[in-house]
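Hydrogens, waters and symmetry mates play no part in the numbers below; they use all other heavy atoms, side chains included. Residue numbers run from 1 in the order of the sequence given. Numbering of ligands and ligand atoms starts at 1, following listing order.
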Amino acid sequence: MENPPKEILQAFEFSEKFEITRIPTGHINLTFKITGTDKSYILQRVNKNIFTKPNRIANNIKLAADHLNKHHPDYLFLHSIKTKEGEEMEYDAEGFPWRLFPYINDTFTMDSVETPEQAFSAAQEFGRLNRYLNTCDVTQFKSTLERFHDLSWRYEQFENALKNASTEKIEKAQNSIEQASRFAYLVDEYKTLIASGDLIPRVMHNDTKINNILFDKNTNKAVCAIDLDTLMPGYFIYDIGDMIRTFVSPVSEEEKDLSKIIIRKNILNAVVDGYLSQMDDVLTAKEKTLIPFGGMMMTYIMGLRFLADFLNGDVYYHTTYAGQNLVRANNQLWLLNLLSKALH
Ligand code: GN1
Ligand code: MG
């Protein structure tokens, strides 16, 4: 898609004098920046094929916004801007919902962390969101994607993909398939953990990758968390785990050259310290022992999901070249291999 449809721009009262550019990050939704003379905006098309209940996203965000407004009025929480009719989202002719956010000037996102200070600051920011939302009634929040980080279900999906894949694809993915099977013990550990009741359901962000933090261009500090589509009930291991997954390596999940993937221990420590600077007294002692498991399971789940999508013919994640999901799977499963050594 070149540009957002006219009727969407009209619904949000945009006139001709705005410049529209596509922001290519994100594997699911379509994102545009709308640049005006003094104010700019982010306009996003929600992928209705994946988020089949977009109203749940809006409801969860509303619950969180009300809670934060009441108890932490200074917290910067990115609300969507309503249409001229007062709606949170506007549906286009094909039935895709669109929503608008303010663009925060002098901020930037990064696909990999450069310094421990950045890692600490970003983890602290996600930790702050977890802490502030910990006093919400989690039962009011609904899942926007069922069983999103359920490792046993994701493993089943991988097994089904493997059953139905062509011999050619299986051959290409041989190495990743072997790695994925080698770490299947994590699925059993996950099941045991969930059954133990040691993890407390809390409102989580559920997509805490590094490029979902806005940084201040001048101070290099985290400004706020973005991408709240999966703000919903979860366990803290999902959030700390996805931070470990995306912060510790100097290269992103898109990197093809596996020799560039390393575990930066100083960054790992900074992630944990930054997160615990907010969450130390919220989490139970038992939960805190599960931080390494979180890093492993979230890296594993992404490896499995990318691999399953490659085997299924790239039906879920947006790709720009053939074999991209296999690159991502190889990358994540190699990272898991390194993490499994570093975290024990
Ligand atoms: C997807 O679209 P994006 O980049 O926000 C995915 C996350 C994965 C991530 C991997 C709804 O997030 O779970 O961690 O890709 N979101 C969904 O980069 O599946
Ligand atoms: Mg997301």
Considering residues, nucleotides and ligands other than Glu254, do more than 12 of their heavy atoms fall under 6.0 Å from its CD? yes

Got an N/O contact under 3.5 Å between Asp207 and ligand 1? yes

Backbone N or O of His205 within a donor-acceptor pair of the Tyr238 side chain at under 3.5 Å? no

Among the N/O/S atoms of Asp227, which is closest to the Mg ion (ligand 2)? Give the atom name. OD2

Show which atoms of ligand 1 fall inside a sub-4.0 Å distance from at least one heavy-atom site of Phe51. 11 (C)

Between ligand 1 and Asp227, is the shortest N or O to N or O distance under 3.5 Å? yes

Under a single-linkage definition using a 4.5 Å side-chain heavy-atom cutoff for Ile, Leu, Val, Met, Phe, Trp and Tyr, are Ile240 and Leu339 assigned to the same hydrophobic cluster? yes

Tell me, which protein residue and heavy-atom name are nearest atom 8 (C) of ligand 1, and how many Å apart are they? Met302 SD, 3.8 Å

Can a donor-acceptor pair be found between the side chains of Ser176 and Asn330 at a distance below 3.5 Å? yes

Do Asn325 and Arg328 get their side chains close enough for a donor-acceptor pair, meaning under 3.5 Å? yes

Would you check, one step at a time, whether the test salt bridge (Lys or Arg N to Asp or Glu O under 4.0 Å) holds for Asp309 with Arg305? CA-CA 6 Å; Asp309 201 32; Arg305 291 176 62 196; over 6 Å; no

Is Asp229 close enough to the Mg ion (ligand 2) to have an N, O or S atom under 2.8 Å? no

Assess, by modelled atom type and distance only, whether the side chains of His27 and Glu253 contain a donor and an acceptor separated by less than 3.5 Å. yes

Considering non-hydrogen atoms of the protein only, which is the closest contact for atom 4 (O) of ligand 1, and what is the distance? Lys209 NZ, 2.5 Å

Heavy-atom pairs closer than 4.0 Å: do any link ligand 1 to the side chain of Leu145, the backbone, both, or neither? side chain

Tell me whether Asp280 is salt-bridged to Lys288, with the criterion being a basic N under 4.0 Å from an acidic carboxylate O. yes

With atoms numbered from 1 as shown, which atoms in ligand 1 lie under 4.0 angstrom from a non-hydrogen atom of Tyr317? 15 (O)

Quick one: does Arg245 get within less than 4.0 Å of ligand 1, heavy atoms only? yes

Ring-face cation of Lys48 near Phe96 (centre distance under 6.0 Å, axis angle within 45°): yes

Output the distance between atom NZ (Lys341) and atom CG (Leu338), rounded to the nearest 0.5 Å. 6.5 Å

Against heavy atoms of Gly26, which atoms of ligand 1 measure under 4.0 Å? 2 (O), 4 (O)

N or O contact, Ile28 vs ligand 1, cut-off under 3.5 Å: yes

Best match, Arg305, Glu253, His27: closest heavy atom to atom 6 (C) of ligand 1: Arg305

What residue and atom, counting heavy atoms only, is the protein's closest point to atom 17 (C) of ligand 1, and at what distance? Tyr316 OH, 3.4 Å

Nearest to the Mg ion (ligand 2) - the N/O/S atom of Asp207, by atom name: OD2

